[in-house]
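One structure below.
One-based numbering along the sequence shown.
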Amino acid sequence: LAHVTCVGNRAADILETIDALKANNVTNILALRGDRPKDMTDEQFHSREFVHASDMIRYLKDHTDMYIAGACYPEKHEEAPNIDQDIYWLKKKVEAGAEYAVTQLFYDNRKYFQFVEKVRAAGINIPIIPGIKPFRKQSQLSVIPKTFKVDIPQELALEALKCTTEKETERLGIEWCIQQCKELIEHGVPSIH
(Lines give C-alpha, C1' and ligand atoms only; values in the text may rest on other atoms or scores of the structure.)
Protein backbone atom coordinates (compact mmCIF):
# COMPACT_ATOMS: atom_id res chain seq x y z
CA LEU A 1 0.00 0.00 0.00
CA ALA A 2 1.85 3.06 -1.24
CA HIS A 3 1.13 6.32 0.53
CA VAL A 4 0.83 9.12 -2.06
CA THR A 5 0.27 12.74 -1.04
CA CYS A 6 -1.22 15.53 -3.10
CA VAL A 7 0.45 18.41 -1.21
CA GLY A 8 3.40 19.51 -3.31
CA ASN A 9 2.50 17.25 -6.24
CA ARG A 10 0.87 18.06 -9.55
CA ALA A 11 -1.26 15.60 -11.49
CA ALA A 12 1.64 14.83 -13.84
CA ASP A 13 3.92 14.09 -10.85
CA ILE A 14 1.35 11.76 -9.35
CA LEU A 15 0.81 9.87 -12.61
CA GLU A 16 4.58 9.46 -12.94
CA THR A 17 4.68 8.07 -9.39
CA ILE A 18 1.78 5.73 -10.20
CA ASP A 19 3.62 4.43 -13.31
CA ALA A 20 6.71 3.70 -11.18
CA LEU A 21 4.60 1.92 -8.57
CA LYS A 22 2.84 -0.18 -11.21
CA ALA A 23 6.22 -1.13 -12.68
CA ASN A 24 7.03 -2.54 -9.23
CA ASN A 25 3.72 -4.45 -8.96
CA VAL A 26 2.13 -2.06 -6.45
CA THR A 27 -1.64 -2.03 -6.98
CA ASN A 28 -2.96 -0.15 -3.93
CA ILE A 29 -2.66 3.57 -3.17
CA LEU A 30 -3.48 5.35 0.08
CA ALA A 31 -4.36 8.81 -1.24
CA LEU A 32 -3.45 11.44 1.33
CA ARG A 33 -3.56 15.20 1.34
CA GLY A 34 -0.30 15.24 3.28
CA ASP A 35 1.07 17.67 5.80
CA ARG A 36 1.77 21.21 4.73
CA PRO A 37 5.52 21.78 4.32
CA LYS A 38 6.85 24.47 6.66
CA ASP A 39 8.16 26.54 3.74
CA MET A 40 4.89 26.45 1.74
CA THR A 41 3.14 29.82 1.65
CA ASP A 42 -0.61 30.22 2.22
CA GLU A 43 -1.04 31.07 -1.45
CA GLN A 44 0.80 27.91 -2.54
CA PHE A 45 -1.12 25.77 -0.05
CA HIS A 46 -4.56 27.01 -1.12
CA SER A 47 -3.89 27.07 -4.87
CA ARG A 48 -2.72 23.48 -5.25
CA GLU A 49 -4.00 21.32 -8.06
CA PHE A 50 -5.59 18.94 -5.51
CA VAL A 51 -6.91 20.81 -2.48
CA HIS A 52 -8.31 17.74 -0.71
CA ALA A 53 -7.42 14.06 -0.77
CA SER A 54 -10.88 13.47 -2.25
CA ASP A 55 -9.87 15.57 -5.29
CA MET A 56 -6.86 13.34 -5.88
CA ILE A 57 -8.93 10.18 -5.31
CA ARG A 58 -11.38 11.28 -8.01
CA TYR A 59 -8.49 12.03 -10.38
CA LEU A 60 -6.84 8.66 -9.69
CA LYS A 61 -10.12 6.79 -10.25
CA ASP A 62 -10.46 8.53 -13.64
CA HIS A 63 -6.83 8.06 -14.72
CA THR A 64 -5.58 4.77 -13.23
CA ASP A 65 -6.69 1.23 -12.52
CA MET A 66 -5.20 1.21 -9.02
CA TYR A 67 -7.18 0.30 -5.91
CA ILE A 68 -7.60 3.53 -3.99
CA ALA A 69 -7.90 3.96 -0.23
CA GLY A 70 -8.58 7.07 1.79
CA ALA A 71 -7.39 7.89 5.29
CA CYS A 72 -9.68 8.13 8.28
CA TYR A 73 -9.24 9.07 11.91
CA PRO A 74 -10.92 7.23 14.81
CA GLU A 75 -9.86 10.07 17.12
CA LYS A 76 -10.58 12.70 14.41
CA HIS A 77 -8.13 14.59 12.24
CA GLU A 78 -6.40 17.41 14.08
CA GLU A 79 -7.88 20.00 11.70
CA ALA A 80 -11.46 18.75 12.01
CA PRO A 81 -13.63 20.63 14.50
CA ASN A 82 -15.39 17.39 15.50
CA ILE A 83 -15.74 13.72 14.54
CA ASP A 84 -18.91 14.33 12.51
CA GLN A 85 -17.09 16.80 10.26
CA ASP A 86 -14.28 14.28 9.89
CA ILE A 87 -16.79 11.61 8.82
CA TYR A 88 -18.23 14.11 6.32
CA TRP A 89 -14.78 14.26 4.66
CA LEU A 90 -14.49 10.47 4.68
CA LYS A 91 -17.83 10.34 2.87
CA LYS A 92 -16.43 12.75 0.26
CA LYS A 93 -13.50 10.37 -0.27
CA VAL A 94 -15.92 7.46 -0.75
CA GLU A 95 -18.04 9.47 -3.19
CA ALA A 96 -14.85 10.28 -5.11
CA GLY A 97 -14.06 6.56 -5.44
CA ALA A 98 -12.18 5.36 -2.35
CA GLU A 99 -12.73 1.61 -2.17
CA TYR A 100 -11.59 1.24 1.44
CA ALA A 101 -10.19 3.40 4.24
CA VAL A 102 -7.15 3.01 6.46
CA THR A 103 -7.20 4.54 9.92
CA GLN A 104 -4.62 6.68 11.61
CA LEU A 105 -2.84 4.65 14.26
CA PHE A 106 -4.62 4.18 17.59
CA TYR A 107 -4.01 2.33 20.86
CA ASP A 108 -7.57 2.00 22.15
CA ASN A 109 -9.70 -0.45 20.15
CA ARG A 110 -12.89 0.98 21.65
CA LYS A 111 -12.23 4.19 19.72
CA TYR A 112 -11.94 2.20 16.49
CA PHE A 113 -15.16 0.26 17.18
CA GLN A 114 -17.07 3.46 18.06
CA PHE A 115 -15.73 5.15 14.94
CA VAL A 116 -16.83 2.29 12.69
CA GLU A 117 -20.32 2.42 14.23
CA LYS A 118 -20.56 6.15 13.48
CA VAL A 119 -19.24 5.64 9.95
CA ARG A 120 -21.80 2.91 9.26
CA ALA A 121 -24.58 5.11 10.71
CA ALA A 122 -23.48 7.80 8.23
CA GLY A 123 -24.03 5.36 5.35
CA ILE A 124 -20.37 4.58 4.66
CA ASN A 125 -20.01 0.87 3.99
CA ILE A 126 -16.48 0.44 2.64
CA PRO A 127 -13.98 -1.64 4.64
CA ILE A 128 -12.28 0.33 7.43
CA ILE A 129 -8.76 -1.06 7.93
CA PRO A 130 -7.26 -0.39 11.38
CA GLY A 131 -3.79 1.17 11.42
CA ILE A 132 -1.53 -0.22 14.16
CA LYS A 133 1.94 0.98 15.18
CA PRO A 134 3.85 -0.26 18.22
CA PHE A 135 5.92 2.27 20.09
CA ARG A 136 9.53 1.39 20.81
CA LYS A 137 10.85 4.02 23.21
CA GLN A 138 9.73 5.77 26.39
CA SER A 139 10.00 9.12 24.61
CA GLN A 140 7.31 8.01 22.14
CA LEU A 141 4.74 7.98 24.92
CA SER A 142 4.72 11.76 24.74
CA VAL A 143 5.79 12.21 21.10
CA ILE A 144 3.17 9.93 19.50
CA PRO A 145 0.15 11.69 21.08
CA LYS A 146 1.49 15.09 19.94
CA THR A 147 2.48 13.95 16.47
CA PHE A 148 -0.55 11.81 15.63
CA LYS A 149 -3.15 13.42 17.93
CA VAL A 150 -4.07 10.13 19.60
CA ASP A 151 -4.49 9.10 23.21
CA ILE A 152 -2.43 6.50 25.00
CA PRO A 153 -4.82 4.51 27.24
CA GLN A 154 -4.10 4.91 30.96
CA GLU A 155 -3.54 1.17 31.39
CA LEU A 156 -0.79 1.26 28.75
CA ALA A 157 0.74 4.46 30.12
CA LEU A 158 0.95 2.96 33.63
CA GLU A 159 2.57 -0.22 32.30
CA ALA A 160 5.08 1.86 30.33
CA LEU A 161 6.08 3.73 33.49
CA LYS A 162 7.18 0.40 34.97
CA CYS A 163 9.65 -0.18 32.13
CA THR A 164 13.25 0.46 33.13
CA THR A 165 14.92 -0.13 29.75
CA GLU A 166 14.11 0.71 26.14
CA LYS A 167 14.04 -3.05 25.44
CA GLU A 168 11.22 -3.46 28.02
CA THR A 169 9.39 -0.48 26.53
CA GLU A 170 9.71 -1.92 23.03
CA ARG A 171 8.47 -5.33 24.23
CA LEU A 172 5.47 -3.66 25.91
CA GLY A 173 4.64 -1.69 22.73
CA ILE A 174 4.76 -4.83 20.62
CA GLU A 175 2.76 -6.92 23.11
CA TRP A 176 0.10 -4.20 23.39
CA CYS A 177 -0.31 -4.10 19.61
CA ILE A 178 -0.42 -7.90 19.37
CA GLN A 179 -3.31 -7.89 21.84
CA GLN A 180 -4.98 -5.08 19.89
CA CYS A 181 -4.66 -7.09 16.67
CA LYS A 182 -6.05 -10.26 18.28
CA GLU A 183 -9.10 -8.36 19.54
CA LEU A 184 -9.59 -6.62 16.19
CA ILE A 185 -9.39 -9.95 14.34
CA GLU A 186 -11.90 -11.50 16.78
CA HIS A 187 -14.25 -8.67 15.83
CA GLY A 188 -13.87 -9.43 12.13
CA VAL A 189 -11.77 -6.55 10.80
CA PRO A 190 -11.05 -6.95 7.07
CA SER A 191 -7.25 -6.71 7.60
CA ILE A 192 -4.68 -4.68 9.55
CA HIS A 193 -2.31 -2.01 8.29
Does some side-chain heavy atom of P153 sit less than 4.5 Å from a side-chain heavy atom of W176? yes
F148 atom CZ, over 12 foreign heavy atoms within 6.0 Å: yes
Nearest 0.5 Å, please: how far is CD1 in I132 from CD1 in I174? 13.5 Å
Please name the pair of heavy atoms, one in K76 and one in D86, separated by the smallest distance, quoted to 0.1 Å. CA-OD2, 3.2 Å
Do Y73 and E79 touch side chain to side chain, with heavy atoms closer than 4.5 Å? no
Distance, nearest 0.5 Å, that separates CG of L172 from CG of L161: 10.0 Å
Separation of L158 CG from Q154 CD (nearest 0.5 Å): 4.0 Å
So do I29 and T64 actually touch side chain to side chain, heavy atoms under 4.5 Å? no
Report yes if the side chains of R171 and E168 come closer than 4.5 Å at any heavy-atom pair, otherwise no. yes
Under a 4.5 Å side-chain heavy-atom rule over Ile, Leu, Val, Met, Phe, Trp and Tyr, are L141 and V150 clustered together? yes
Is it true that atom CZ of R110 has more than 12 heavy atoms of other residues, nucleotides or ligands lying nearer than 6.0 Å? no
Can you tell me how far CZ of F50 sits from CE of M56, rounded to the nearest 0.5 angstrom? 7.5 Å
Using a 3.5 Å cut-off and no angle test, enumerate the donor-acceptor pairs between side-chain atoms of residues 99-107 and protein atoms at least two apart in sequence or in another chain.
residue : atom : partner : partner atom : Å
E99     : OE2  : K61     : NZ           : 3.0
E99     : OE2  : I68     : N            : 3.0
Y100    : OH   : N28     : OD1          : 2.8
T103    : OG1  : G131    : N            : 2.7
Y107    : OH   : K133    : O            : 2.6

Among all residues two or more places apart in sequence or in another chain, which pass the side chain to side chain contact (heavy atoms under 4.5 Å, CB included) test with A20? none
Could you check whether any side-chain heavy atom of V119 comes within less than 4.5 Å of a side-chain heavy atom of I128, counting everything from C-beta outward? yes
Less than 4.5 Å apart, any side-chain heavy atom of H52 and any of I57? no
Just verifying a value: how many Å separate H63 NE2 and I18 CD1, rounded to the nearest 0.5 Å? 12.0 Å
Walk me through it: do K111 and D151 pass the test side chain to side chain contact (heavy atoms under 4.5 Å, CB included)? CA-CA 10 Å; K111 292 186 179 188; D151 288 334; 2.7 Å; yes
Residue set satisfying side chain to side chain donor-acceptor pair (under 3.5 Å) with K162, at least two apart, ordered chain then number -> E159
Any side-chain heavy-atom pair from Q138 and E166 closer than 4.5 angstrom? yes
So, for P134 and G173, which heavy atoms are closest and what is the spacing to 0.1 Å? CB-O, 3.6 Å
Does a salt bridge link D55 with R33, judged by any charged N lying under 4.0 Å from a carboxylate O? no
Any donor-acceptor pair under 3.5 Å linking the side chain of N82 with the backbone of D84? yes
For residues 11-32, which residue pairs pass the salt bridge (charged side-chain N to carboxylate O under 4.0 Å, His left out) check, not counting sequence neighbours? R10-D13, K22-D65
Cluster overlap I126 with L32, hydrophobic side-chain contacts below 4.5 Å: no
Separation between SG (C177) and CG (L156), nearest 0.5 Å, reads 8.0 Å
More than 12 foreign heavy atoms under 6.0 Å from CD of E78: is that the case here? yes
Should L15 and Y59 count as side-chain neighbours, where that means a heavy-atom distance under 4.5 Å? yes
Going by atom type alone, with no hydrogens or angles, which donor-acceptor pairs under 3.5 Å involve a side-chain atom of residues 88-96 and a protein atom two or more places apart or on another chain?
residue : atom : partner : partner atom : Å
K91     : NZ   : A122    : O            : 2.6
K93     : NZ   : A71     : O            : 2.8

Taking distance alone, no hydrogens or angles, what donor-acceptor pairs closer than 3.5 Å link side-chain atoms of residues 183-193 to residues at least two apart or in another chain?
residue : atom : partner : partner atom : Å
E183    : OE1  : N109    : ND2          : 2.8
H187    : ND1  : E183    : O            : 2.9
H193    : NE2  : H3      : NE2          : 3.3

